[in-house]
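Notes for the one structure printed next.
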Amino acid sequence: MSDRAPIYLDYSATTPVDPRVAAKMIPFITEHYGNPASRSHPYGWTAEKAVENAREEVAKLVNADPREIVWTSGATESNNLAIKGAANFYAASKGKHIITVATEHKAVIDTVRELERQGFEATYLEPEPNGLVDLEKFKAAIRPDTVLASVMLVNNEIGVIQDITAIGNICRANNVIFHVDAAQATGKVVIDLETLPVDLMSFSAHKTYGPKGIGALYVRRKPRIRIEAQMHGGGHERGMRSGTLATHQIVGMGEAFRIAHEEMAAENERIRMLRDRLLHGLMEIEETYVNGDLDHRVPHNLNMSFNFVEGESLIMAVKDIAVSSGSACTSASLEPSYVLRALGRSDELAHSSIRFSIGRFTTQADVDYTIDLLKSKIGKLRELSPLWEMFKDGIDLSKVQWAAH
Amino acid sequence: MAYSDKVLDHYENPRNVGSLDKNASNVGTGMVGAPACGDVMKLQIQVNDAGIIEDAKFKTYGCGSAIASSSLVTEWLKGKTLDQAAEIKNSAIAEELALPPVKIHCSVLAEDAIKAAVADLKSKQPGSKEAA
Amino acid sequence: MNTVYFDHNSTTALHPQVLEVMLPFMTAQHGNPTSRHVFGRNARDAVEHARTQIAETVGVQASQVVFTASGTEANNFAIRGIAGNLAPSQMLYSSIEHPCVSRPALALQTNGWQVNKIKVDPHGQLDLEHLNALLQRPTGLISVMLANNETGALQPLTAVTAAAKQHKAFVHTDAVQALGKVPVDFYDLGVHAMTLSSHKIGGPLGAGALVLDKRVDIQPLLLGGGQEKGLRSGTENVAAIVGFGAACAIAQQQLADYQTHTTLLRSQLEAGLHQLKATVFGAENAQRLPNTSFFAFHHIEGETLVTALDKAGFAVASGSACSSDSTEPSHVLLAMGVEEELARGAVRVSLSAHNTVEQVDAFLATLAQEVKRLKAMTAIAA
């Protein structure tokens, strides 16, 4: 075991703040302090100008009008605000049925569950084994009283990209409000809200080299989408979201999204090369499976299952690299990933999965080190594994009667 | 997750990994757990003519605590009689390895594996009705 | 020109030591506290250390502190979360609460709650008789701020909690303005929930907290990844939380000096205001934050005076920052029975330990000139 810091391959859990972003933020927590809602003195003015510049940068990355961007404390709040806000506002006119997907982030799933407790009905669509939503099944799920659909653009665990254009068009045709969680998508896929049939979209800064604690919600103006505020107070953000704005964090998000806009094309090419190298290296290990579709997927994500080794011991074995087993948000629990289970993966394969997420500061040397590490550690764990021994003896594990435990 | 030094030691340097001839009359095999639960433990014991456990081997599919629990019991089993072996309690394993509450089930599994191995061996011993 | 900052109740400059402890978490220490690898564990340890610092400051156990993104969120969380788990009855709040208490309180009406305001006296202090009268109805929740952001008036929370206890009502207090300015002890006050905010005490924007009595059963406002034991989902804003913790520890350590210094400066300021014949709201009230002075001159618009002072290099506020968009007179002053014309003139100076005697002298000299100039203009207009 080395003493140096592990190699960071967990960019989907959170990204480091880009040094250029940090450099922009720091003056706003030292020199330019001020409450942006304070109109009466220049401290407030500087802050407000910076906030509006950042709003323009965020809008630019997703080709939206800055007036369509509402600041929040992060994608979790954006998802809560979008779903509860729109469902409550339109329930009376449209109905109380919501459609979402079983592989959505917990911030969407749990919010929809809360609405169910309040009298809404919900359909949780099962994705296909490749992680993608079947459009016909989506269409079939729509009811006359469907008010809202929520489908993520890029999945946090397996990186698959849903066909938001097609799903959005179905929603439009059926007069259903369409929310998209794009927390994992910014800087990875091109988002053009001018043409995308999307009404509400959630963003996070800290998945795109910005700071934690800041996010945004896109709320379409034409046709105008209304949401019921979930947090009340001074009436900031045109009444949609109250609470003093963290100027330095907003500035950080703006700068992070500016950099993403400028560099994503080149960066994604480089990351795709690294991902392919990692994929080919790891596929040399026997009994290894990729989770989720490889074509409709961001290059940043590689989620693989290593058969006959257990997930937690695998994570322990590879502690010289920082990765996730399942999403970071659920790794405190011992349950296998609900996303992988929704793809139809067995519990064993779901348990033995690793999400490698590659980012701006990943090098080829990091990837090569990771491949070598995985090869040696998986070999060692399989030496320990009674299942591997049985597999090698030609025993069909699915036919074994396991002692009840 | 914070593992104790003892868990880490057993995990990094597992003792007595391997397999014994499961068909031998002086070898008892216990296989407990299920892949779907995230733990499968295979524990084997070999007794000498005096009925003393002279060797113990394990293979475990499971978390660090499961690996450490099975590795630890292979050390404890050597030199014990079958009756003494059957007295090993999960609480002693959990205590020795300082397992956190969420990992107590690993020590329970190790105790179950011992019991299963002892039962298997006893079923093979002369006098047992299952003995050939 | 260096502007003199006299608006510390709105937001404070980041304490240099706070910035120092935050910086690593804005750069190299970037882990997500939920992650189990070393990046995540370091972030988790930092969050838990900050939780302990905040808990110690207000005399509770660390497990009672739930982090939020702001004081606004903590207030919304307290009111909607506590009321959400109670059968609808009466909810009471003081007539001088911040909108982030009054608005979620009023929103409870749609869920069948009776929502009523408790009056304040002309000094800006809660009218306990009115509270007791209102408590004749079954009451589930009461929210009274510990210190008012505009007048600085400290509220009689122990009397409120004593009265509430008889009627088995929960008490929430917004202690955002009190923290770091006066001693704040959760159990001495006897409250069940308390809102705190980082950026009013030399910490960064982006962190707040709700402190909860263990007996309180509360519904989360934000659902998702299950952070904060399920009470507040969303990736923790590690840098801001670390800064909040450090700011709390520093504020607590410097509290006595802060009080002495700001009390002195404010006496100097109010002596000058008296000479200029200003009306200082709630000045006779001994129970005030030591740093806050809220005053007005007849026939001078607060906004006009604030703009003039700003040009002359002094940053002060007219009423609270959150409502300075609007031309409505301060709801706090109206609740105190101040006539509307005078209320429109309200200007707030809120000092800190960093302000000096010289700054207050310079401010008083400028104020004298501006008041004279503006009064002359008013006379011409009249």
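Proteins come first, then strands; the chains are lettered A, B, ... in the order of their sequence lines, and each starts at number 1. Atoms considered below: every heavy atom in the structure, side chains included; atoms not considered: hydrogens, waters and symmetry mates.
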Under 4.5 Å heavy-atom distance to chain C, tell me which part of A:Ala22 shows up: side chain, backbone, both or neither.
side chain
Within the structure provided, determine whether C:His30 and A:Val17 are in side-chain contact (heavy-atom separation under 4.5 Å).
no
Smallest heavy-atom separation, A:Thr14 atom then C:Asn32 atom, equals CG2-N, 3.4 Å
Residue selection (most heavy-atom pairs with chain A, distance under 4.5 Å) from C:Ala43, C:Gly243, C:Ala207, C:Gly31
C:Gly31
Which distance, rounded to the nearest 0.5 Å, do you find between the CD of A:Gln249 and the CG of C:Asn237?
4.0 Å
Measure distances from A:Pro16 to the heavy atoms of chain C and classify the residue's part below 4.5 Å as side chain, backbone, both or neither.
both
Given that the side chain runs from C-beta out, which part of A:Val323 has a heavy atom under 4.5 Å from chain C: side chain, backbone, both or neither?
backbone
Chain A shares the most heavy-atom pairs under 4.5 Å, among C:Asn76, C:Val101, C:Val18, with C:Asn76
Interface moiety of A:Glu77 toward chain C, non-hydrogen atoms closer than 4.5 Å:
both
Is C:Gln29 close to chain A through its backbone or its side chain, or both, or neither, when contacts mean heavy atoms under 4.5 Å?
neither
Looking at C:Phe39 and A:Pro6, what are the two nearest heavy atoms and their distance?
CZ-O, 3.4 Å
Please classify the contact between C:Leu23 and chain A as side chain, backbone, both or neither, with a heavy-atom cut-off of under 4.5 Å.
side chain
Heavy-atom distance under 4.5 Å to chain C: side chain of A:Asp110, backbone, both or neither?
both
Given that the side chain runs from C-beta out, which part of A:Thr15 has a heavy atom under 4.5 Å from chain C: side chain, backbone, both or neither?
backbone
Determine whether A:Lys212 and C:Phe25 satisfy the following criterion, side chain to side chain contact (heavy atoms under 4.5 Å, CB included), listing intermediate values before the conclusion.
CA-CA 10 Å; A:Lys212 296 181 184 66; C:Phe25 294 95; over 6 Å; no
Interface residue of largest heavy-atom contact number with chain A, from C:Gly71, C:Ala239, C:Pro104, under 4.5 Å:
C:Pro104
Before giving the answer on side chain to side chain contact (heavy atoms under 4.5 Å, CB included), spell out for A:Ile26 and C:Met26 the whole-Å C-alpha distance, their side-chain angles and the decisive distance to 0.1 Å.
CA-CA 9 Å; A:Ile26 286 165; C:Met26 294 173 65; 4.2 Å; yes
Counting heavy-atom pairs under 4.5 angstrom with chain A, the leader among C:Thr72, C:Val238, C:Val38, C:Leu19 is C:Thr72
Would you mind reporting whether A:Gln230 and C:Leu222 have side-chain heavy atoms less than 4.5 Å apart?
no
Decide yes or no for C:Ser233 and A:His105: does some side-chain heavy atom of the first lie under 4.5 Å from some side-chain heavy atom of the second?
no
Find the distance between CZ (C:Arg36) and CD1 (A:Ile315) and round it off to the nearest 0.5 Å.
6.0 Å
Under 4.5 Å between any side-chain heavy atoms of A:His248 and C:Leu14, yes or no?
no
Out of A:Met25, A:Glu114, A:Arg113, A:His206, which one racks up the most heavy-atom pairs below 4.5 Å with chain C?
A:His206
Any side-chain heavy atom of C:Leu223 sitting closer than 4.5 Å to one from A:Lys84?
yes
Looking only at heavy atoms, the pair that brings C:Arg232 and A:Ser73 closest together is NH2-OG, 3.0 Å
Among A:Ile29, A:Thr247, A:Ile250, which residue meets the side chain to side chain contact (heavy atoms under 4.5 Å, CB included) test with C:Leu205?
A:Thr247
